[in-house]
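Notes for the one structure printed next.
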Amino acid sequence: MRKNIVAGNWKMNKTFQEAEELIDQIVVGMEEMSLKCEVIACPPALYLEMASDYAEESRIKIGAQNVSEHDKGAYTGEIAAPMLASVDIEYCIIGHSERRKYFHETGEQLAKKADILLDYGIKPIFCCGEVLEEREKGIHFDVVRKQLTEGIFHLNKDEFSNVVVAYEPVWAIGTGKTASPGQAQEMHAFIRNLISEKYSKEIAEETSILYGGSCNPGNAKALFSNPDVDGGLIGGASLKADDFLKIAASFE
Ligand code: PGA
């Protein structure tokens with residue numbers, strides 16, 4: 001059975017002390033809850049080792065927000081997959097729209113990032129999604145198909161079975177505008193169908209496809225109750241333990 005997942009993308013927020021407080025609150029909160037999903041926190045890279053120590057003693061899983069496509073060398077400021085693996089990081093977000101937009105990440109680069117993560121036993125959380133103009137033009141399905149094709153459809157079946165997909169319509173990220181449950185379900189079903197055509201029905205059924213974009217405690221239940229929405233990648237609402245845990249408790 002495929003996993004329900006709620007992952008918090010903290011982006012570039014929190015000091016070390018605040019990050020430790022947040023992870024502590026999430027971990028303590030989770031102890032009292034019987035959750036029907038896996039919970040992942042993706043703090044800034046500087047705090048991954050601290051967060052990873054929490055993961056050793058609890059059910060929380062830790063993800064990075066980015067990785068270099070190279071495994072070592074003269075790439076000032078970058079963080080490599082073996083470094084993440086050396087502090088037991090289980091997941092890594094790749095292809096977030098902010099990285100595509102501000103850091104000009106290309107499909108080719110993302111394919112290399114997916115490869116290197118899998119080489120080091122780290123599961124990619126691969127983000128895809130259209131901008132508003134593309135939705136208005138009616139080309140959102142083509143855009144998402146292209147992103148998946150360039151970024152992860154070169155993987156073989158075994159590799160692909162370790163990938164989590166996150167559909168994040170860019171117009172919904174940090175804007176307070178959420179995709180309607182119907183819009184999310186429509187795109188998630190489309191993505192699952194593409195995976196089925198490319199790999200197999202079984203692999204498609206096993207793949208977790210998360211929704212991201214202004215997901216909050218008020219709308220999570222309606223989004224997650226769709227048959228093809230297996231959880232969320234949460235930005236703003238992951239920065240408060242209460243809100244994040246309410247979202248994680250939204251599975252029926
Ligand atoms: P948001 O961000 O929940 O703040 O819209 C989601 C994301 O960018 O992953």
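Both counts, for ligands and for their atoms, begin at 1 and track the order of listing.
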Worksheet entry | Check: Cys127 main-chain N/O paired with Arg100 side-chain donor or acceptor under 3.5 Å |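 Checked: pair present.
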Discussion item. Donor-acceptor pair, distance only, cut-off 3.5 Å: does the side chain of Asn226 make one with the backbone of Val229?
Written reply: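 Not a single qualifying donor-acceptor pair exists.
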Residue [X] vicinity, atoms of ligand 1 by number, heavy atom under 4.0 Å:
X      : result
Gly174 : 1 (P), 4 (O), 5 (O)
Ala172 : 5 (O)
His96  : 7 (C), 8 (O), 9 (O)
Gly236 : 1 (P), 3 (O), 4 (O)
Gly213 : 5 (O)

Practice prompt. Would you verify whether the NZ or CZ of Lys36 falls within 45 degrees of the ring axis of Phe251 while also being under 6.0 Å from that six-membered ring's centre?
Written response: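 Geometry flag: not set, cation outside 6.0 Å or 45°.
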Discussion item. According to side chain to side chain contact (heavy atoms under 4.5 Å, CB included), who are the partners of Asp115, at least two apart in sequence or on a separate chain?
Written reply: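 Result, side chain to side chain contact (heavy atoms under 4.5 Å, CB included) vs Asp115: His154, Leu155.
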Discussion item. Checking Val170 now: which residues fulfil side chain to side chain contact (heavy atoms under 4.5 Å, CB included) with it, not counting sequence neighbours?
Written reply: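 With neighbours one apart ignored, the set is Ser97, Val131.
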Practice prompt. Identify the protein heavy atom lying closest to atom 7 (C) of ligand 1, giving its residue, its atom name and the separation to 0.1 Å.
Written response: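 Here the nearest protein heavy atom works out to Glu168 OE2, 3.2 Å.
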Fill in: Protein contact to atom 6 (C) of ligand 1 [nearest heavy atom, distance to 0.1 Å]
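The protein heavy atom lying closest is Gly235 N, 3.5 Å.
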Item to complete: Look at atom CD of Glu197 and say whether more than 12 heavy atoms of other residues, nucleotides or ligands are closer to it than 6.0 Å.
Response: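 Atom CD in Glu197 is packed in, count exceeds 12.
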Item to complete: Could you tell me whether Asn9 approaches ligand 1 through its side chain, its backbone, both or neither, with non-hydrogen atoms closer than 4.0 Å?
Response: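 Asn9 to ligand 1: side-chain contact only, backbone stays beyond 4.0 Å.
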Fill in: Ser214 touching ligand 1 at heavy-atom level, < 4.0 angstrom
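Under 4.0 Å: yes for Ser214.
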Discussion item. For Gln183, run the side-chain contact (heavy atoms from CB on, under 4.5 Å) check against Arg135, His140, His188 and tell me which one passes.
Written reply: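 Exactly one candidate clears the test, Arg135.
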